[in-house]
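Residue numbering restarts at 1 for every chain, and letters A, B, ... go by the order of the sequence lines. What you are looking at is a predicted structure, and each value in this text was computed from that prediction instead of being measured.
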Amino acid sequence: MSMLNIELPGLSLKNPIMPASGCFGFGREYSQFYDLSMLGAIMIKATTVEPRFGNPTPRVAETTAGMLNAIGLQNPGLEKVISEELPWLAQYDVPIIANVAGSLEEDYVTVAKRISQAPNVHALELNISCPNVKEGGMAFGTIPEVARVLTRRVKEVSAVPVYVKLSPNVTNIVEMAKAIEAGGADGITMINTLVGMRLDLKTGKPILANRTGGLSGPAIKPVALRMIYEVSQAVDLPVIGMGGISSAEDVIEFFYAGASAVAVGTANFVDPFVCPTIIEQLPALIAQLGFDHISECTGRSWKQHGQLAYHRA
Amino acid sequence: MIKKEVCKIISQKEIASDIYELTVEAEFVSEIKTPGQFVHIRVGNGWDLLLRRPISISSFDKTLNQFTMIYRKEGKGTSCLAEMVPGMELDILGPLGNGFPVEEAEIGDTALLVGGGIGVPPLYELSKQLRAKGVKVVHVLGFQTESAVFYEQEFGETGVTYVATVDGSYGTKGFVTDVIDSRDLSFDCIYSCGPTPMLRALEQRYAGKKMFLSLEERMGCGIGACFACVCKQADDPSGVSYKKVCSDGPVFRAGEVLI
């Protein structure tokens with residue numbers, strides 16, 4: 001019997017480990033290292049209506065135990081994702097979570113409507129939290145009412161459950177979570193990157209051409225844990241947690257905080273095998289901690305003794 | 001095929017001021033296809049120095065399963081790397097990218113190999129392979145100053161080698177282009193690796209010549225997944241067409257991408 005299977009809206013996961021959007025492209029590069037069917041799901045790179053080139057380079061800068069990125073939602077556009085990337089991914093037995101982005105409300109609606117009809121797309125991840133684009137992106141994710149209305153509009157047209165990816169760049173993340181719950185979201189993914197900056201020692205200027213970028217990696221893990229801890233208690237939606245996960249131990253910590261599944265992002269760049277390694281190591285760790293199933297870990301940081309696990313398959 | 005391997009350090013020595021030559025043993029040496037490919041090295045076992053460091057392969061030996069890299073000790077990562085000694089192990093991803101096309105130079109041709117600073121190393125394996133094929137090689141190597149000069153003798157074994165230093169402390173004073181002008185060098189094709197302004201100058205001055213340039217860009221994953229190291233295609237300068245330096249390059253035909 002599996003210790004790792006998880007049922008979430010739209011998603012029957014053989015395990016709760018998936019690569020995070022933007023850190024895995026559309027899977028092609030990582031398919032040379034392992035069978036993508038091993039993964040719980042794949043969150044594909046953000047898709048917009050039209051193709052986007054993204055920001056000028058340099059687009060990345062290392063920080064202590066982390067990195068800044070300002071890619072700028074580079075992607076081949078809706079038509080190519082539907083005609084090339086998703087059919088290619090269909091050879092694998094793995095549900096796809098399509099990350100949907102845009103500059104205007106209409107863009108999100110257009111992408112959501114079309115991409116949610118692809119047979120292997122089992123859920124959408126509404127990207128209202130990208131810090132690296134001038135219009136849209138994070139602007140939708142920092143004003144509760146705007147986020148609620150956008151979630152509602154996307155829910156109306158989506159053929160699959162809608163998860164909303166929250167930005168940590170807000171004063172009150174619980175307020176944001178409640179707003180998208182009121183908008184009809186089926187789940188939450190959190191956290192996106194934190195806005196940060198690095199300066200060049202010789203020139204005194206920002207290293208990134210975009211000046212600022214999104215901070216990711218192990219450095220942001222404590223922030224993600226705190227926010228998931230707060231949000232998972234305040235709303236009645238499952239949380240897919242992310243933010244600096246690089247080991248099986250990190251996964252358990254995210255579950256304790258309140259996550260029902262997790263995504264691994266930056267760690268894929270460091271170790272292309274990080275997802276299969278974590279999947280392999282989890283059962284022994286879960287058993288060692290005294291659990292029969294990983295779902296028993298969800299919300300352990302705040303649940304009272306005897307409360308049942310939330311999403312036991 | 002790209003492999004992730006724990007590689008044993010065979011040797012490491014400082015061959016010029018802050019310039020290190022590092023040789024490791026790796027099974028994936030058998031997978032190296034062209035000179036100018038690179039590897040992605042994880043420095044240390046912790047997460048403080050998070051990202052891997054891309055370093056070009058300067059030479060390899062398939063019978064010994066060894067390859068050599070030459071890098072400049074500059075930031076935290078390369079400083080940490082420079083501390084390592086033979087017998088220690090490194091987590092390396094490789095071989096990555098597409099290198100210089102040796103087949104583009106015909107037997108009897110003269111190939112001009114132009115290197116700038118830490119862009120010089122990948123030209124060494126290229127030079128050996130071109131020479132072995134029967135191509136005449138001429139090297140023009142540019143450095144900041146005399147103490148930074150390396151591999152002049154090694155390059156000298158495969159072909160005429162000219163050195164330029166910016167401060168004039170060794171060889172010709174000035175840039176690589178000053179050497180090409182003053183020596184009135186003639187050639188059939190150019191292979192180059194070095195700072196972007198140098199590559200740009202070569203591309204402009206020798207437009208129409210057969211030329212291959214190795215680009216450098218800050219990288220994330222090194223395998224084409226993160227879209228950190230993209231550049232625009234020259235035939236679509238304001239559009240969305242792109243190439244990834246890590247997986248489509250790092251070597252491009254001149255005129256293929258905007259540099």
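Counting non-hydrogen atoms of neighbouring residues, nucleotides and ligands closer than 6.0 angstrom, the CD atom of A:E280 reaches no more than 12 such neighbours. No more than 12 heavy atoms of other residues, nucleotides or ligands sit less than 6.0 Å from atom CZ of A:R211. For A:K80, the NZ atom counts as loosely surrounded, since its 6.0 Å shell holds 12 or fewer non-hydrogen atoms of other residues, nucleotides or ligands. Within a 6.0 Å sphere centred on CD of A:Q74, heavy atoms belonging to other residues, nucleotides or ligands number more than 12. Taking a 6.0 Å sphere around CZ of B:F175, one finds it holds 12 or fewer heavy atoms contributed by other residues, nucleotides or ligands. Environment of NZ in B:K3: crowded, with over 12 heavy atoms of neighbouring residues, nucleotides or ligands closer than 6.0 Å. Sparse packing is recorded around CD of A:E50, with 12 or fewer heavy atoms of other residues, nucleotides or ligands lying under 6.0 Å away. Atom CD of A:E84 sits in a crowded spot, with more than 12 heavy atoms from other residues, nucleotides or ligands closer than 6.0 Å.
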- List the steps and the verdict of side chain to side chain contact (heavy atoms under 4.5 Å, CB included) for B:L50 and A:F269. CA-CA 9 Å; B:L50 186 71; A:F269 302 156; over 6 Å; no
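For B:R42, the part lying near chain A is the side chain, with the backbone staying farther off; criterion is any non-hydrogen pair under 4.5 Å. Only the backbone of B:M219 comes within contact range of chain A, with heavy atoms under 4.5 Å apart. For a residue to count as touching a neighbouring chain, one of its non-hydrogen atoms must lie under 4.5 Å from one of that chain's; by this rule A:T266 touches chain B with the side chain only. At a 4.5 Å heavy-atom cutoff, A:L201 makes no contact with chain B through either its backbone or its side chain. Neither the backbone nor the side chain of A:F26 has a heavy atom closer than 4.5 Å to any heavy atom of chain B.
Annotation: cation-pi geometry satisfied between A:K45 and B:F227 (NZ/CZ under 6.0 angstrom from ring centroid, within 45° of ring axis).
Looking at B:V230 and A:R59, their side chains come closer than 4.5 Å, going by heavy atoms from C-beta outward. For the pair B:L93 and A:P272, the minimum side-chain heavy-atom distance is below 4.5 Å. Under the 4.5 Å side-chain criterion, counting only non-hydrogen atoms from C-beta, A:Y30 is in contact with B:C221.
Between chain A and the residues B:G75, B:S247, B:G224, the largest count of heavy-atom pairs under 4.5 Å involves B:G224.
Closest approach of A:F53 and B:V240 over heavy atoms only: N-CG1, 3.8 Å. Here the closest non-hydrogen pair linking A:E62 and B:L51 is OE2-N, 2.7 Å. Of all non-hydrogen atoms in B:M1 and A:Q32, the two that sit nearest each other are CE-O, 3.7 Å.
Taking CG from A:N69 and CZ from B:R218, the interatomic distance works out to 13.5 Å, rounded to the nearest 0.5 Å. Rounding to the nearest 0.5 Å places SG of B:C226 at 13.0 Å from CZ of A:F24.
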